[in-house]
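Counting starts at 1 for both ligands and their atoms, in listed order.
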Amino acid sequence: MARLLIGVSGGIAAYKALETARLAIKAGHSVRVVQTEASTRFVGPASFSAITGAPVLCDAFDDDPLRGAYPGEPARDWAPITHLALVQRADLFLIAPASANTLAKLAHGLADNLLTTAALAATCPVVVAPAMNHHMWRHPATRANLELLRARGVIIVEPGEGDLASRGEHGAGRLAEPAELIAACAPLLAGAGESAPVTATSPGPWLGRRVLVTAGGTREPIDSVRFIGNRSSGRMGYALAAEARRRGAEVTIVSANVSLPAPPGTRVLPVGTAAELQAACEAEFDRTDLLLMAAAVADFRPTAVAATKLKKDHGPPQLALEATTDVLATLAARRHPGQRLVGFAAEHGDGAVAYGREKLSRKGLDAIVINDIAAPGIGFDTPDNAVTILTAAGGEHRVARAAKAQVAAAVLDALAPLWDPSDKERDDRTLRAGPARTAGV
Ligand code: CTP
């Protein structure tokens, strides 16, 4: 049984928070609710109280008859600070609906009511589900507020599209459905609480881990319309991102020319070229626990890019190329203890595993995932894959051909031992030795 605190702010969608609380309780969690004053105009505390079986607090000075306890726990014999006790004991704080105003306050650290004060004091994961009019949702101020929250590791459950509260208005801004909210919270609640069952879907070492995934293929411009690119669709990277998120990790995707929808709950940073991918990865790397480098990064780019379209009547262009930076090897060289880096390599045929092992050590990686692109129907721009995972500790795991979502789950299972506590020694070793020098790109 995990402790879920639900914060309800003002908006017609507050009615969906009632069903969300009911579903959370049905899933075995213990739920308390805090409301903003505005939200009580839409749904009264009596309704939440009836569903949760616990008093609902609205004001920072409200006395909590349960003294910070969640349903099923004994009330304490001393009175804790009301506005801190509930959130400090929560395993997860879900703010749903989050109005545009509440979202702005959360982004800027305001603490002018019980809900925002609790959010500022939260040390547990925070999930925010916005709901508002579509003009407000699209406003640059709201977009910027969302980015601020995401950058701080808050998980955003995006609103859906459809009819909005104001008659005749249609667009993005409807609060996600209660079942979606519960699905977004499930991995974060899975390991929490003393009696939470450990199941096959338990998040293991992934809960709260900051995972940076690169996906897709970079494009290096030749002129204003043409580029040198590759066949990577981003499917494998996105499948890994979705699976890591499902297991409770906080996931950012550096996405190079991918046309797939973002996996729910992930943050996507679009990039075009190898240099842009490098800049995005360098900016994110220090706050990353695990880098999954699934993108196909160009090894060479044109030395000069024509500002306009090259004309055919000038004859075939002479393309001079220069090497790009090896992003993965560069980041491996500046890693902190505890950071893990995993490379991905497409290799041909018999020597694939041997090439992979050489790359693993040359780039200073913790593991490398190899797919043999000589095998028909797997690899680039296909729904399936089959891989071999090699670890620096000498492990070799083969994953037979399967849909990329299944392969992603198997890859994360194989990578979980990278956080074995006994690996501290390996950290020290890697940092002392530094990665082997890369032999150019
Ligand atoms: N990689 C990178 N930066 C580059 C090229 C590759 O970070 N400029 C990363 C890829 O994202 C991948 C790993 O390095 O995770 C291995 O990529 P691969 O192309 O197989 O390695 P290369 O060193 O480019 O070797 P090859 O000569 O086989 O292309």
Within 6.0 angstrom of D112 CG, more than 12 heavy atoms from elsewhere: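 More than 12 heavy atoms, drawn from other residues, nucleotides or ligands, come within 6.0 Å of this atom.
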More than 12 heavy atoms of other residues, nucleotides or ligands under 6.0 Å from OH of Y355: is that the case? no
Give the numbers and elements of all ligand 1 atoms closer than 4.0 Å to a heavy atom of [X].
X: R362; answer: 23 (O)
X: T324; answer: 8 (N)
X: A345; answer: 20 (O)
X: M293; answer: 7 (O), 11 (O), 12 (C), 15 (O)
X: A298; answer: 8 (N)

Apply side chain to side chain donor-acceptor pair (under 3.5 Å) to residues N113 and T116 and explain how you reach the verdict. CA-CA 6 Å; N113 60 30; T116 51; 2.8 Å; yes
Grab the two heavy atoms, one from E220 and one from A274, that are nearest each other, plus how far apart they are.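 Looks like OE2-N, 2.8 Å.
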Between N385 and V407, which heavy-atom pair has the shortest distance, and what is it? O-CG2, 3.5 Å
Does ligand 1 come near enough to [X] that some N or O of the ligand is less than 3.5 Å from an N or O of the residue?
X: F344; value: yes
X: G343; value: no
X: L328; value: yes

Closest to atom 24 (O) of ligand 1 (judged by heavy-atom distance), picking from V297, L365, D299: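 Looking at heavy atoms only, the winner is D299.
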Selection from T218, V369, V327, T325 by shortest heavy-atom distance to atom 8 (N) of ligand 1: T325
Side-chain donor-acceptor distances from residues 248-255 under 3.5 Å, at least two apart:
unit_1: E250; atom_1: OE2; unit_2: R287; atom_2: NH2; d: 3.2
unit_1: T252; atom_1: OG1; unit_2: R267; atom_2: NH1; d: 2.9
unit_1: S255; atom_1: OG; unit_2: Y238; atom_2: OH; d: 2.7

Quick one: salt bridge (charged side-chain N to carboxylate O under 4.0 Å, His left out) pairs with a partner in residues 388-404, sequence neighbours left out?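 Applying salt bridge (charged side-chain N to carboxylate O under 4.0 Å, His left out) to every pair that reaches into residues 388-404, excluding sequence neighbours, yields D384-R401, E396-R398.
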